[in-house]
> 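Take this structure first; my questions come after.
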Amino acid sequence: MRYWLGADFGQASDYTAVSVLERVPIEVGEREVVRKTGLLTRERVRVPTHDHELHLRYLSRPPLRTSYERISDGIVSRLRELEPTGAFGERGTVGLVVDATGVGRAVVDMLTERLSVAVGGPKIHLWPVTVTAGQHVTRNGPFMGVPKRELIHAGVVALQEGRLKFGAEVPEREQLMEELLAYRIKINLQTGHDSYQPWRQGQHDDLLFATCLACWAWGFVKRSLEPA
């Protein structure tokens, strides 16, 4: 999938954030392959190798007390813009990953209903995510339980590796950069467990969380496609 949209729905006094990442292929080097040139002949040639970057294309924090209905309608509209129906009627697929912890479960139902009646546009791959304190990704029906360490690592590591890129035209990018760079992980040397500061404590960590959701979803899909 070319696009993943991450959505973090806040409570009445918390902000909601929406982040859109585009997967962009990049050339990173070369490798040697053997190519058939005739019935019995072969030749060695060098071909480019590719990897991917994640480009932040959209970042939004609606005003406080914006209704969930209005935000859901905006997300559906945004999804339809990302991968419009092609000239021959073919439909692309766009990923939508939503924090379903707490109030998010009701919002997932709202989004599911709206997507079910939407006409045209891309096919939507919806992942509702509940944040857990465990060590492994779990499934409960359509809901995926994801360890908080895995979610945050996805965004922080993508930034550290230079994989996560920010467009200068994206609103709120400076705030998101500050959240990512200020993030700290504390390790308990006796237990080996880690704790996170901030974790849903900062005034504006919603931007961070929405972006980490999208980073995690892309990474999870990428790992599932890699050979064992």
> Any side-chain heavy-atom pair from Leu21 and Trp218 closer than 4.5 angstrom?
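Of all side-chain heavy-atom pairs linking Trp218 with Leu21, none is under 4.5 Å.
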
> Under the criterion side-chain contact (heavy atoms from CB on, under 4.5 Å), I'd like the reasoning laid out for Glu161 against Leu159: C-alpha separation, chi angles, the key distance, then a yes or no.
CA-CA 5 Å; Glu161 292 179 345; Leu159 179 68; over 6 Å; no

> Just checking Arg46: does its CZ atom have more than 12 heavy atoms from other residues, nucleotides or ligands closer to it than 6.0 angstrom?
yes

> Is the backbone N or O of Met1 less than 3.5 Å from a side-chain atom of Arg23, with the two atoms forming a donor-acceptor pair by type?
yes

> Could you check whether Glu53 pairs with Arg163 (Lys NZ or Arg NE/NH1/NH2 to Asp/Glu carboxylate O, under 4.0 Å)?
no

> Locate the shortest heavy-atom distance separating Thr16 from Gly10; write the atom from each residue and the value.
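Answer, listing the atom of Thr16 first, then Gly10: OG1-N, 3.0 Å.
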
> Does CD in Glu69 sit with more than 12 non-hydrogen atoms of other residues, nucleotides or ligands closer than 6.0 Å?
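Correct, the count exceeds 12.
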
> Check whether any side-chain heavy atom of Val98 sits under 4.5 Å from a side-chain heavy atom of Pro128, and report yes or no.
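No, side chains not in contact.
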
> Measure the CD1-CG distance between Ile75 and Leu115 for me, rounded to the nearest 0.5 Å.
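CG of Leu115 is found 9.0 Å from CD1 of Ile75.
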
> Would you name the heavy atoms of Gly145 and Thr132 that are closest together and state the gap between them?
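Heavy atoms of Gly145 and Thr132 come nearest at CA-CG2, 3.8 Å.
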
> Do Gln135 and Pro147 have side chains that approach each other closer than 4.5 Å (heavy atoms only, starting at C-beta)?
no

> Go through it in stages, so that I can follow the logic: the residues are Asp99 and Phe9, the test is side-chain contact (heavy atoms from CB on, under 4.5 Å), and I'd like the CA-CA distance, side-chain angles, deciding distance and then a yes or no.
CA-CA 7 Å; Asp99 175 23; Phe9 283 82; over 6 Å; no

> Do Val156 and Val137 land in one hydrophobic cluster if side-chain heavy atoms of ILVMFWY residues count as linked below 4.5 Å?
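Hydrophobic grouping puts Val156 with Val137.
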
> Please check this pair: side chain of Ser19 against backbone of Leu59, looking for a donor-acceptor N/O pair closer than 3.5 Å.
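No, Ser19 side chain to Leu59 backbone: no donor-acceptor pair under 3.5 Å.
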
> Kindly give the heavy-atom pair with the smallest separation between Ser60 and Leu207, and that separation in Å.
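Looking at all heavy atoms of both residues, the closest pair is O-CD2, 4.3 Å.
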
> Do the ring centers of Trp127 and Trp4 come within less than 6.0 Å of each other?
yes

> Indicate the atoms forming the closest heavy-atom contact of Gly92 with Glu83, along with that distance.
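Heavy atoms of Gly92 and Glu83 come nearest at CA-CG, 3.6 Å.
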
> So, does Thr211 use its side chain to make a donor-acceptor pair with the main chain of Leu208 at under 3.5 Å?
no

> Shared ILVMFWY cluster between Tyr3 and Val24, side chains joined below 4.5 angstrom?
no

> Please report the closest heavy-atom contact between Phe220 and Met144, naming both atoms and the distance.
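For Phe220 versus Met144, the nearest heavy atoms are CE2-CE, 3.8 Å.
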
> Answer with yes or no after comparing the ring centroid distance for His153 and Trp216 against a 6.0 Å cut-off, counting only values under it.
no

> Between Leu56 and Val20, is there a side-chain heavy-atom distance shorter than 4.5 Å?
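No. Closest side-chain heavy atoms not under 4.5 Å.
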
> For the residue pair Val131 and Thr101, what are the closest heavy atoms and their distance?
N-OG1, 2.9 Å

> Looking at Tyr58, I'd like to know if the NZ or CZ of Arg78 sits under 6.0 Å from its six-membered ring centre while staying within 45 degrees of the ring's axis.
yes

> Under 6.0 Å from the ring centre and within 45 degrees of the ring axis: does the NZ or CZ of Arg105 meet both conditions for the six-membered ring of Phe143?
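Yes, Arg105 sits over the ring of Phe143.
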
